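Computed from a predicted structure; not experimentally measured.
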Amino acid sequence: MNVLVINAGSSSLKYQLLDTRTREVYAKGNCERIGIDGSFVGHEERGGEKQKLEVALPDHKTAVKHVFQILDEAGFDTSKIEGIGHRVVQGGWYFPESKVVTDETLGWVREVAPLAPLHNYAEADVIEICRDMFPSIGNVIVADTSFHYNIPEKAWRYALPRDVVDRLHIRKYGAHGTSHRYIWRTTSQFLNGGVHKLVSCHLGSGASLAAIQDGRDMDTTMGLTPLDGLIMGTRCGTIDPATVCYLVREGGYTVDEVDTMMNKQAGLLALSGVSSDSRDIEAGAERGDANCRMALEMFYYRTSQLIAEMAQSMHGFDAMAFSAGIGENSAEMRLGVAKELEWLGVQIDEGANEVRSDEPRVISTPDSKVKVLVVPTNEEYMIALDVEELLSK
C-alpha cells in the first residue's frame, strides 16, 4: 500500500510517502515555521537531492496543500495514495491501539489534547484538513501512547487519591510507543526470536526506555507527560515533584514559567551550558569542559539506572537495543551507558560499537550476559503498517 505518513507539530509538519510492501520511500520532507515568518519546505525524493523551498505557510492547511503539490510536481500520482497515517502524540484513554479516523475518533484526539496541547490540537486540525481535502482517502490515527496503555496497573497507577486520578485521567501514558514497538519487532526478527526480555532505548533529544517482554510492554520511563524519566536535550527528566512547588513559592516563578524551564531550558542544555545536542557536548568534553563532562556522566548514570529499573519490571533482561538520534549515532554515549552496566554482565565490543550502519547490528561481545544491539528506528514504517492493516479490513 502507498501510504502518506504525517507528523504534525504546533508549527511544523513532517511527511513521508512510502510503500509498505517494498519499504521504498518515494519522498519525504518537512514544512517548518508554519504561521511564522521565514517558513519553508524541505523536500527529498528517492535518489534526488534535498530541496529547500521558501514558501508562505500561514497555516497547516496551506502546508498540506504544498505537500500534495510538491508530490505531484515530482511526478508522483497522488491519486495512488491509498491511506494517510497520522502520528498523534497523546491518545489518552481512547487509543489502546490505532484507529481509523471517524468523527468520533477525531473528537477523541481533541478531548485528550490538554495532556499534550502543543501537539494534539495541531494534529487534529491536520487530520480534519486531510479528510476535507481528500475525502476518498482513508485516514488512521496512530498514537504514541498506545503501546504503553496496557502495562500492568502497578506500573501505570500513581499513588494519588483515586477520585482525583479517575476524574482527571491521571496515569503513566508514556511516549515513543510506535518507535519502541518497531524496535521490538525488528530486534525479534533480527535475532530470529531469540529475545524475550528487551530494554528498548529510544535515545534522542526526547528519550525514553521501555521494558518489553515477549512483545508486551511492561513499563516505560515517561509518565503522564514526556517530561518524566531520562535526562533529555532540554527536559529535566525525573526530579522531586515538590521542586515545582518550591520554585513557585520561593523562586517567584509562575507555573507556566516552571513548565517552560523544565521542558525547554533544562536537561543536557542546562547541565552543559553549551548545547542540547550531544555532539556539541561530546566535543566540549573532549576540549576539557568540565560541565560538558558532567553532563555526559549524568546521562550515562541516569540512563543505566533506569535500564536497571526496566529490567526489574521483567525480573531480568536478555537484550537491550539502542535507537534514535543519540542511540544510533553516538558510540561514546552507548559505551558510557554500557560501562555503567558492566556489573550486570554487559560487555561491549568497542570495535563493533564504532561501526556506523543503517542496519540492525550486535555490538556486545560473545560472552556478554546481555546482548546489546543498535537498531535504527522507523516510526513511519510502523505507522504505515497500521494504516495498511486497518484500511484493508
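- Inter-residue side-chain proximity for Leu4 and Phe68 is flagged as met; some heavy-atom pair is nearer than 4.5 Å.
- Two residues are said to be in side-chain contact when any heavy atoms from C-beta on lie closer than 4.5 Å; Thr377 and Glu328 meet this criterion.
- Counted by atom type alone, Asp77 and Ser79 present one or more donor-acceptor pairs between their side chains at under 3.5 Å.
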Cut-off 3.5 Å, no hydrogens considered: what does the side-chain donor-acceptor table look like for residues 188-199, sequence neighbours left out?
residue : atom : partner : partner atom : Å
His196  : ND1  : Asp214  : OD1          : 2.9
Lys197  : NZ   : Met314  : O            : 2.9

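- For Asn291 and Ser272, the side-chain atoms include no donor-acceptor pair closer than 3.5 Å.
- Side-chain contact annotation: Glu388 with Thr20, donor-acceptor N/O pair under 3.5 Å present.
- Counting only heavy atoms from C-beta outward, the side chains of Arg171 and Leu224 never approach each other to under 4.5 Å.
- Under a 4.0 Å N-O distance rule, the pair Glu342/Lys339 qualifies as a salt bridge.
- Between the CG atom of Leu335 and the CD1 atom of Ile363 there is a distance of 8.5 Å, given to the nearest 0.5 Å.
- For the 3.5 Å distance criterion, the side chains of Asp349 and Thr365 fail to qualify, holding no donor opposite an acceptor.
- For the pair Ser364/Val370, no side-chain contact is recorded, criterion being any heavy-atom separation below 4.5 Å from C-beta on.
- Remark: Tyr301 OH is loosely packed, at most 12 non-hydrogen atoms of other residues, nucleotides or ligands lying under 6.0 Å away.
- Within the 4.5 Å cutoff, the side chain of Met298 has heavy atoms near those of the Leu271 side chain.
- When the salt bridge (Lys or Arg N to Asp or Glu O under 4.0 Å) test is applied to Lys172, the partners found at least two apart in sequence or on another chain are Asp219.
- Salt-bridge check for Asp277 with Arg279: passed, with a basic side-chain N closer than 4.0 Å to an acidic carboxylate O.
- The neighbour count for Glu257 CD, taken as heavy atoms of other residues, nucleotides or ligands under 6.0 Å away, is above 12.
- Using a 4.0 Å cut-off between charged side-chain N and carboxylate O, Arg110 and Glu128 make a salt bridge.
- The two residues Met262 and Val244 have their closest heavy-atom pair at CE-CG2, 3.7 Å.
- Shortest non-hydrogen contact noted between Val101 and Val140 is CG2-N, 3.9 Å.
- In this structure, the side chain of Asn329 does not engage the main chain of Gly327 through any donor-acceptor pair within 3.5 Å.
- Side-chain polar atoms of Arg216 and Asn150 form no donor-acceptor pair below 3.5 angstrom.
- Under the 4.5 Å side-chain criterion, counting only non-hydrogen atoms from C-beta, Gln90 is not in contact with Asp144.
- Between Arg334 and Glu332 there is no salt bridge, since no side-chain nitrogen of the basic residue lies less than 4.0 Å from a carboxylate oxygen of the acidic one.
- Closest of all the heavy-atom pairs between Ser98 and Arg181 is OG-NH2, 4.4 Å.
- His148 and His180 have perpendicular rings, their planes meeting at more than 60° on a 0 to 90° scale where under 30° would count as parallel.
- Taking both residues in full, the closest heavy atoms of Val100 and Leu391 are given as CG2-CD2, 4.2 Å, listed atom of the first, atom of the second, then distance.
- Smallest separation of non-hydrogen atoms from Phe95 and Thr105: CZ-O, 3.6 Å.
- Contact of the Lys28 side chain with the Leu17 side chain is not registered, since no non-hydrogen atoms from C-beta on lie closer than 4.5 Å.
- Counting non-hydrogen atoms of neighbouring residues, nucleotides and ligands closer than 6.0 angstrom, the CE atom of Met133 exceeds 12 such neighbours.
- Geometric assessment of Arg23 against the ring of Tyr381 yields a positive cation-pi assignment under the 6.0 Å and 45° thresholds.
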Applying side chain to side chain donor-acceptor pair (under 3.5 Å), run through Ser323 and His202 and close with a yes or a no.
CA-CA 5 Å; Ser323 193; His202 179 107; 5.4 Å; no

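- By the 4.5 Å heavy-atom criterion applied to side chains, Glu359 and Pro376 are not counted as neighbours.
- Residue Asp358 qualifies as open at atom CG: its count of foreign heavy atoms under 6.0 Å is 12 or below.
- Counting all heavy atoms, side chain and backbone alike, Val337 lies closest to Ser304 at O-CB, 4.0 Å.
- For the residue pair Gln265/Thr260, the side-chain donor-acceptor check at 3.5 Å is not satisfied.
- By the 30° and 60° cut-offs, the orientation of the rings of Trp108 relative to Tyr94 is parallel.
- In this model, a donor atom of one side chain and an acceptor atom of the other lie less than 3.5 Å apart for Thr62 and Asp59.
- A donor-acceptor pair shorter than 3.5 Å can be found between the side chains of His43 and Tyr15.
- A donor atom on one side chain and an acceptor atom on the other are found under 3.5 Å apart for Glu73 and Gln69.
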